[in-house]
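Computed over heavy atoms, backbone and side chain alike; hydrogens, waters and symmetry mates excluded.
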2 protein chains.
Amino acid sequence: MTKPPTRIQKRNRAAILTAGLDVFSKFGFRGSTLDQIAAAAGLSKPNLLYYFPSKDAIYTALLERLLETWLAPLQQMRQDGDPVQEILDYARRKLEMSRDYPRESRLFANEIVQGAPHIADNLSGELRALVDEKAAIVREWSEAGLIADVDPHHLIFSIWALTQHYADFDVQIRAVLGTDDPFVGAAPFIDHVMRSVLRA
Amino acid sequence: MTKPPTRIQKRNRAAILTAGLDVFSKFGFRGSTLDQIAAAAGLSKPNLLYYFPSKDAIYTALLERLLETWLAPLQQMRQDGDPVQEILDYARRKLEMSRDYPRESRLFANEIVQGAPHIADNLSGELRALVDEKAAIVREWSEAGLIADVDPHHLIFSIWALTQHYADFDVQIRAVLGTDDPFVGAAPFIDHVMRSVLRA
DNA sequence: TCTTTGTTTGACCAACTGGTCAAAACAACG
DNA sequence: CGTTGTTTTGACCAGTTGGTCAAACAAAGA
């Protein structure tokens, strides 16, 4: 029987997670220090460790919370509905995620690029199952001649790649474009790409 | 007047750079330790520091060497030549880079995702100039009606995203596909994407 | 008020990290 | 061989890092 969290617990846990997201997404797991996170959360380091047992626990909590929302855009893709529009909408939702949650995107990118040591199970479990399920739907659309004959898995990968790139490689894009907002022009371009690819 | 490197110097410097590439690409700059690199190179830590003055120097040397080869695929794109084929070939070369040099790709990805602290100058300098130059060529092709009317910068970004994704998110792709080789099927898919997008 | 429970902190620790240094070991060459 | 320059190493150091702990401090209910 676990006790309900007090006001202070709620506030401080939230502050720590926000601070952790800030720091971990910028420097990766090993590149981040408890002192940095504590400072960002406005707490002392021992106080931090009063709420979370370890650095790893903060990181893991963040990843778990992230994975929930991370798969939502794909989950919303429905078999009943206009195929092209469904895929276009998925790509749009995914791009919006990159735009609205770039820190989450980079946290995820850091984790994956470094070999996904904390979430390997999830990738070959939950994620794989979801992707396989949706890929089957796309395949049916293909076979029914409703969209072009494309590999469903690679189609999904291409949406991940195209959308996450704008959040993860943010610095590079801004440097090349010379703009402050890396997303300018991205939405119509990706829309055009997906439309072209799906055209039967 | 700098002396020419001895045999031993050549061998050890090369071993250190290889080891550094292995380690840095896996764990990022801060996540890697001199002990790891020394062990991977088969040297003691002080011996490592006999050849390179600091951890930073190894990392910087790697990045510099990398940037040279990293831009080559884009540099090879020529204005005289079939537009669609030139862009297709660029995408193909870029994908081959990801397949043949995944460690380099991840080293680069780690650096960029974490804000490119070591190569920010390069991005807004050399890289931007090259991209702008090639984007101008693509724009001319568009305006001449030789390819579809697409934003040249985003076209280049999409090639980066689509190709690098297979090296950088390697673990995720392998987990979802259940294969050992993340690149299976990637080449024809990307080819199809680019052809569709460029079709006028 | 007193007591209980929850919160915060300063001082501390052991392990690790990047880096130094002097001395030893080795290689090259006359 | 002996000398000279190169390479390697063990011992060491100061700063950082994740984490502990007892004690001080606040909240809140009885």
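- Atoms CG (B/L48) and P (C/dT20) sit 13 Å apart, rounded to a whole Å.
- Shown here is A/E96, whose CD atom has more than 12 heavy atoms of other residues, nucleotides or ligands within 6.0 Å.
- Side-chain nitrogen and oxygen atoms of B/Y50 include none within less than 4.0 Å of the OP1 or OP2 phosphate oxygen of C/dC21.
- Comparing B/P46 and A/R11, the nucleotide of DNA chain C nearest to each residue sits closer to the 5' end for A/R11.
- Distance, B/L49 CG to D/dT7 P: 15 Å, rounded to whole Å.
- Checking the phosphate oxygens (OP1, OP2) of D/dT8, a side-chain nitrogen or oxygen of B/N12 falls inside 4.0 Å.
- Residue A/S54 places its side chain closer to D/dG19 than to any other of D/dC21, D/dG19, C/dT17.
- Atom CG of A/D100 sits in a crowded spot, with more than 12 heavy atoms from other residues, nucleotides or ligands closer than 6.0 Å.
- When the C1' atom of C/dA15 is taken as reference, atom NZ of A/K55 falls 14 Å away, rounded to whole Å.
- Taking atom CG on B/N47 and atom P on C/dA25, their separation rounds to 15 Å, with Å as the unit.
- OP1 or OP2 of C/dA27 has not a single side-chain nitrogen or oxygen of B/T6 nearer than 4.0 Å.
- A/R93 CZ: more than 12 foreign heavy atoms inside a 6.0 Å radius.
- Between A/S44 and C/dT9 there is a side-chain N or O to OP1 or OP2 distance below 4.0 Å.
- A straight line from NZ of B/K45 to C1' of C/dT17 spans 6 Å, rounded to a whole angstrom.
- Using a 4.0 Å heavy-atom criterion, one finds that B/R7 contacts the sugar-phosphate atoms exclusively.
- Residue A/Y51 places its side chain closer to C/dT7 than to any other of C/dT7, D/dG19, D/dG10.
- Note on A/Q9: a side-chain N or O is less than 4.0 Å away from OP1 or OP2 of C/dT7.
- Contact annotation for A/L34: backbone-only contact, meaning every heavy-atom pair under 4.0 Å involves sugar-phosphate atoms and none involves a base.
- The distance from atom OH of B/Y59 to atom P of C/dG18 is 14 Å, rounded to the nearest whole Å.
- Within 6.0 Å of the OH atom in A/Y101, the count of heavy atoms belonging to other residues, nucleotides or ligands does not exceed 12.
- The residue A/I8 sits close only to the backbone: its heavy atoms come under 4.0 Å of sugar-phosphate atoms, none of a base.
- Heavy atoms of A/R30 sit under 4.0 angstrom from primed sugar atoms or phosphate atoms, though from no base atom.
- Spacing between atom CZ of A/F52 and atom P of D/dG18 amounts to 16 Å, rounded to whole angstrom units.
- In this structure, B/F169 has its ring center no closer than 6.0 Å to that of A/W160.
- Straight-line distance from the CG atom of B/D56 to the C1' atom of C/dG18: 11 Å, rounded to whole Å.
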